Amino acid sequence: MEVFTGMQKHGYEQVVFCQNADVGLKAIIAIHDTTLGPALGGLRMWPYPTEDDAIFDVLRLARGMTYKAAAAGLNLGGGKSVIIGDSRRDKSEALFRAFGRFVQALAGRYITAEDVGTSVEDMDWIHMETDYVTGVSAAYGSSGDPSPATAFGVWQGMKAVAKEALGTDNLSGLTVALQGVGHVGYYLARHLKDEGAKLVVCDINAEAAARVKTEYGAEVVDTDAIYAVDCDIFAPCALGAIVNPKTLPRLRCKVIAGAANNQLLSESDGDALTERGILYAPDFVINAGGLICVADELEGYNRDRAYKKVAGIYGNIQRVIDIAKRDRIPTYRAAERLAEERLALIGQQKRFYLPAEMLVR
Ligand code: NAD
């Protein structure tokens with residue numbers, strides 16, 4: 001892979017390769033853009049088959065974080081890191097502390113967090129070497145499991161799209177088809193039930209679906225049947241790429257609003273949704289609740305303040321819809337434009353984040 005070619009194409013600022021043979025560390029930290037502030041993004045531990053796979057993944061994910069933070073109105077940039085390894089076999093205190101020293105050496109340009117394959121315990125080990133880490137134990141001021149905040153944000157964003165597509169942001173009496181009732185889906189189901197929505201759910205984990213049936217009176221359908229449910233809102237909260245040429249003709253909803261990452265298989269599926277008159281709440285805007293809470297940790301976590309900011313997802317979705325109408329573009333494009341316009345506006349004055357202690361006064 002031509003790393004510089006890849007970096008230049010999408011404007012990456014910095015990619016750091018970190019190795020420590022004594023502890024078996026091979027890690028990559030990618031900082032995409034620090035126009036708005038330090039680059040924040042999780043540390044993924046994954047047994048990538050090749051180094052190119054790891055580079056591709058960390059670059060892709062870091063750029064995604066720039067857009068997510070910018071669209072959420074946060075003063076954070078986009079970054080991500082990966083450790084090449086098997087999270088079930090290769091973890092140790094020494095490994096994560098070695099990684100923590102590399103994070104510390106970046107002096108605050110990158111702030112790490114949990115992601116696939118890493119845990120609170122790993123973050124605590126990193127914290128022994130650096131303060132530039134979130135998602136540590138509650139004793140160190142963590143915001144804890146991000147799922148309730150993500151669900152709360154999805155619920156708020158869902159109301160904003162409903163207002164546009166259905167003429168009301170009161171979800172009472174509406175039918176919501178929920179794909180996946182795991183961490184986020186379960187909490188989302190509770191908000192919807194409390195508001196009086198009718199729930200149709202599915203999950204490959206029969207126990208998870210049964211729990212939502214018992215607790216919230218949801219109707220349970222087969223995992224394949226969820227796409228064809230006659231509903232007002234389809235809420236994907238399980239997998240990515242579920243809006244694709246196979247599922248599109250089967251959808252009978254007016255709105256798609258859910259937590260899952262990368263819901264569109266490709267951009268053409270986003271265009272097809274618009275043609276079919278289905279209003280799509282872009283995933284990285286509506287599912288930013290967890291990130292907003294983690295960002296609040298940097299100021300000393302305050303739950304009330306954090307949830308007030310998460311409620312702002314309602315307005316963020318409205319902004320996306322306004323841009324879509326203004327520029328006559330699908331909402332998935334409008335979400336990117338929302339982020340890019342903010343980056344351009346703020347970035348006119350400010351490029352390349354330097355921690356305060358490194359500024360020459
Ligand atoms: P989770 O693993 O707790 O829940 C996912 C649920 O989906 C599980 O119960 C699983 O059994 C079910 N599932 C998997 N495949 C399915 C299928 N084919 N059909 C139906 N159900 C299926 O994950 P989560 O934390 O609730 O996250 C859900 C989605 O939201 C993921 O895409 C995740 O990346 C995204 N997301 C989560 C957060 C968060 O705070 N947890 C934040 C942003 C985005």
Side-chain angles (χ1 to χ4, degrees), residues 40-42 44 46 57 60-61 64-65 67-69 71-72 74 78 80 113-120 134-135 142-158 176-192 199-213 215-216 218-229 234-244 246-247 250-251 256-265 281-297 306-307 309-310 313 316 335:
L40 188 144
R44 182 165 291 196
W46 195 255
D57 208 31
R60 174 183 74 87
L61 293 166
M65 291 306 295
Y67 279 80
K68 190 165 183 166
L74 296 170
K80 202 85 183 182
E114 270 176 71
D115 197 74
V116 177
T118 57
S119 67
V120 171
T134 60
S142 162
S143 54
D145 175 11
S147 312
T150 302
F152 178 68
V154 170
W155 178 46
Q156 295 301 308
M158 193 180 267
V176 182
L178 247 167
Q179 181 183 44
V181 280
H183 283 92
V184 180
Y186 173 77
Y187 291 112
L188 178 60
R190 182 188 296 171
H191 288 300
L192 295 170
L199 294 173
V200 183
V201 307
C202 79
D203 200 296
I204 48 167
N205 176 350
E207 273 175 34
R211 184 179 173 203
V212 178
K213 181 181 178 180
E215 291 184 20
Y216 306 138
E219 178 190 342
V220 178
V221 297
D222 198 63
T223 50
D224 187 56
I226 198 79
Y227 299 106
V229 171
F234 174 43
C237 293
L239 314 162
I242 41 79
V243 179
N244 59 54
K246 279 193 186 141
T247 58
R250 300 178 62 204
L251 294 176
I256 298 182
N261 281 313
N262 305 315
Q263 292 172 28
L264 306 177
L265 176 65
D283 44 23
F284 70 84
V285 182
I286 198 169
N287 74 12
L291 173 65
I292 293 169
C293 276
V294 164
D296 194 77
E297 287 180 26
Y307 270 65
K309 289 187 209 160
V310 176
I313 288 177
N316 296 343

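The model shown is predicted, which means the values in this text are computed figures rather than measured ones. Numbering of ligands and ligand atoms starts at 1, following listing order.
- W46 places none of its side-chain heavy atoms less than 4.5 Å from the side chain of D57.
- Ring geometry, Y186 versus Y216: the interplanar angle falls from 30° to 60°, so the pair is classed tilted.
- Checked against side-chain contact (heavy atoms from CB on, under 4.5 Å), A218 has the following partners two or more places apart in sequence or in another chain: L199, V201, V212.
- A72 is linked by a side-chain contact (heavy atoms from CB on, under 4.5 Å) to L74, A288, I292, counting only residues two or more places apart in sequence or in another chain.
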Can you give me a line-by-line list of nitrogen or oxygen pairs between ligand 1 and the protein shorter than 3.5 Å?
residue, atom, partner, partner atom, Å
ligand 1, 3 (O), H183, N, 2.9
ligand 1, 3 (O), H183, ND1, 2.6
ligand 1, 9 (O), D203, OD1, 3.3
ligand 1, 9 (O), D203, OD2, 2.7
ligand 1, 11 (O), D203, OD1, 2.6
ligand 1, 21 (N), I204, N, 3.4
ligand 1, 26 (O), H183, N, 3.1
ligand 1, 26 (O), V184, N, 2.8
ligand 1, 30 (O), A259, O, 3.3
ligand 1, 32 (O), A238, O, 3.1
ligand 1, 32 (O), N261, N, 3.4
ligand 1, 34 (O), N261, ND2, 2.9
ligand 1, 40 (O), T150, OG1, 2.7
ligand 1, 41 (N), S147, OG, 3.4

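- The number of heavy atoms from other shown groups lying within 6.0 Å of NE2 (H183) does not exceed 12.
- Residues passing the salt bridge (charged side-chain N to carboxylate O under 4.0 Å, His left out) test with R190, sequence neighbours excluded: none.
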